[in-house]
Amino acid sequence: MSENSQERRPIDPALFTPKKKGAIGNFFAPVAGFGVTFSTIFRPHVTEEYPFKRTPTRPRFHGRHQLNRYADGLERCIGCELCAWACPADAIYVEAGANTPDAQYAPGERYGAVYQINYLRCILCGLCIQACPTRALTMTNEFDSLVGPTRESLIFEKQDLLAPMLDGMLAAPHPMVEGTTDDDYYRNEITGPTQEQIDWVAERRPDDPTLATSRPVEEARK
């Protein structure tokens, strides 16, 4: 036997034996569990009165997802499905489509043709945005839309997740900036649409509302 084991004191069984209640303890035993409830009845309420009073969220709060765009209006999502593979709740569904000269939605060969997030399953963990290679998927601070009266309303489609068009952007589809490759887009070297892109959309979609607000840039790359 080692020296340390010889110095150990024997364990007192009384430490692990419940104490016996007296007559008063036995009398109040049936309602003893309500002690915490009764002690908090007259304390001030701390419940958040949402939606009448809104408490600002933290800057890194995980709210509704957003599919981002490049400065010229092309979509960042390339339909790689890495976000769907990373999702532990299987809440994301992606189908990729092929870009064509007449329908270029994102830089490169593919784009996210179908994009769904089921917020009945989503646990807002953020693993999907870490897996995205083009920073196409991010999470906003908005959470009001994550509640609804029906189950169908909590399955967000691509049009529900796409970021709004900023002033100066040109709605896709349209060609990439002339003389650039998809690598130039991935390095964020595009600063806005060019006149050639605007003319291309004006010729094929003269009623596109973004033509009125799009502004051509002299240098599309930094």
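Both backbone and side-chain heavy atoms feed into the values below; hydrogens, waters and symmetry mates do not.
- A distance of 11.5 Å separates CG in L82 from CG in L137, rounded to the nearest 0.5 Å.
- Taken together through direct or relayed side-chain contacts under 4.5 Å among Ile, Leu, Val, Met, Phe, Trp and Tyr, W200 and L170 form part of one hydrophobic cluster.
- Residues A113 and G97 come closest through the heavy atom pair CB-N, 3.8 Å.
- The shortest distance between side-chain heavy atoms of C122 and H62 does not fall below 4.5 Å.
- Between R64 and D160 there is no side-chain heavy-atom pair separated by less than 4.5 Å.
- Residue F34 is grouped with residue F42 when hydrophobic side chains (ILVMFWY) are merged at heavy-atom distances under 4.5 angstrom, including chains of intermediate members.
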*side chain to side chain contact (heavy atoms under 4.5 Å, CB included) assessment of D144 paired with R54*: CA-CA 11 Å; D144 294 321; R54 297 177 58 88; 2.9 Å; yes

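- Partners of R43 according to the side-chain hydrogen bond (donor to acceptor under 3.5 Å, both in side chains) rule, which considers only residues two or more places apart in sequence or in another chain, do not exist here.
- A 4.5 Å side-chain heavy-atom check between L124 and H65 finds at least one atom pair inside the cut-off.
- Between the side chains of N68 and Q66, at least one donor N or O sits under 3.5 Å from an acceptor N or O.
- A donor-acceptor pair is defined here as one N or O able to donate and one able to accept, closer than 3.5 Å; no such pair exists between the side chain of N26 and the backbone of A23.
- Within a 6.0 Å radius of CZ in F61, more than 12 heavy atoms belonging to other residues, nucleotides or ligands are found.
- In plain terms, the two heavy atoms of P173 and V201 that are nearest each other are O-CG2, 4.3 Å.
- Side-chain N/O atoms of T210 and D208 include a donor and acceptor closer than 3.5 Å.
- Atoms SG and CE, on C125 and M139 in that order, are 7.5 Å from each other to the nearest 0.5 Å.
- Placement of M176 and Y186 within a single hydrophobic cluster is found when ILVMFWY residues are connected by side-chain heavy-atom separations under 4.5 Å, directly or transitively.
- Counting all heavy atoms, side chain and backbone alike, R110 lies closest to G79 at NH2-O, 3.1 Å.
- The hydrophobic clustering, which links ILVMFWY residues whose side-chain heavy atoms are closer than 4.5 Å, places L146 and L161 together.
- D184 approaches G179 most closely through the heavy-atom pair OD2-O, 4.4 Å.
- In the hydrophobic clustering of this structure, I117 groups with I129; members are Ile, Leu, Val, Met, Phe, Trp, Tyr whose side-chain heavy atoms approach within less than 4.5 Å, directly or through other members.
- The SG atom of C87 lies 9.0 Å from the CZ atom of R121; values are rounded to the nearest 0.5 Å.
- For the pair N118 and I92, the minimum side-chain heavy-atom distance is 4.5 Å or more.
- With respect to the salt-bridge test (charged N to carboxylate O, under 4.0 angstrom), the residues R215 and D167 qualify.
- Of all heavy-atom pairs spanning N99 and P107, the tightest one is ND2-O, 4.2 Å.
- Remark: D72 CG to I190 CD1 distance equals 6.5 Å, nearest 0.5 Å.
- The ring pair (Phe, Tyr, Trp, His ring centres under 6.0 Å) test applied to Y105 returns Y111, not counting sequence neighbours.
- Here the side chains of H174 and L74 are in contact, with some heavy-atom distance below 4.5 Å.
- The environment of CZ in R205 is crowded: more than 12 heavy-atom neighbours from other residues, nucleotides or ligands sit within 6.0 Å.
- Taken from SG in C83 to CD in E81, the straight-line distance is 8.0 Å, to the nearest 0.5 Å.
- R187 contributes atom CZ, which lies 9.5 Å from atom CG of D182 (distance to the nearest 0.5 angstrom).
- Ring planes of Y185 and Y70: perpendicular class, angle over 60° (limits at 30 and 60°).
- Put simply, the side chain of Q197 reaches to within 4.5 Å of the side chain of V177, judged on heavy atoms.
- Minimum interatomic distance between A71 and M169 (heavy atoms only, all atoms of both residues): O-CG, 3.5 Å.
- Looking only at side-chain heavy atoms (C-beta outward), L67 and E75 stay at 4.5 Å or farther from each other.
- The neighbour count for E157 CD, taken as heavy atoms of other residues, nucleotides or ligands under 6.0 Å away, is above 12.
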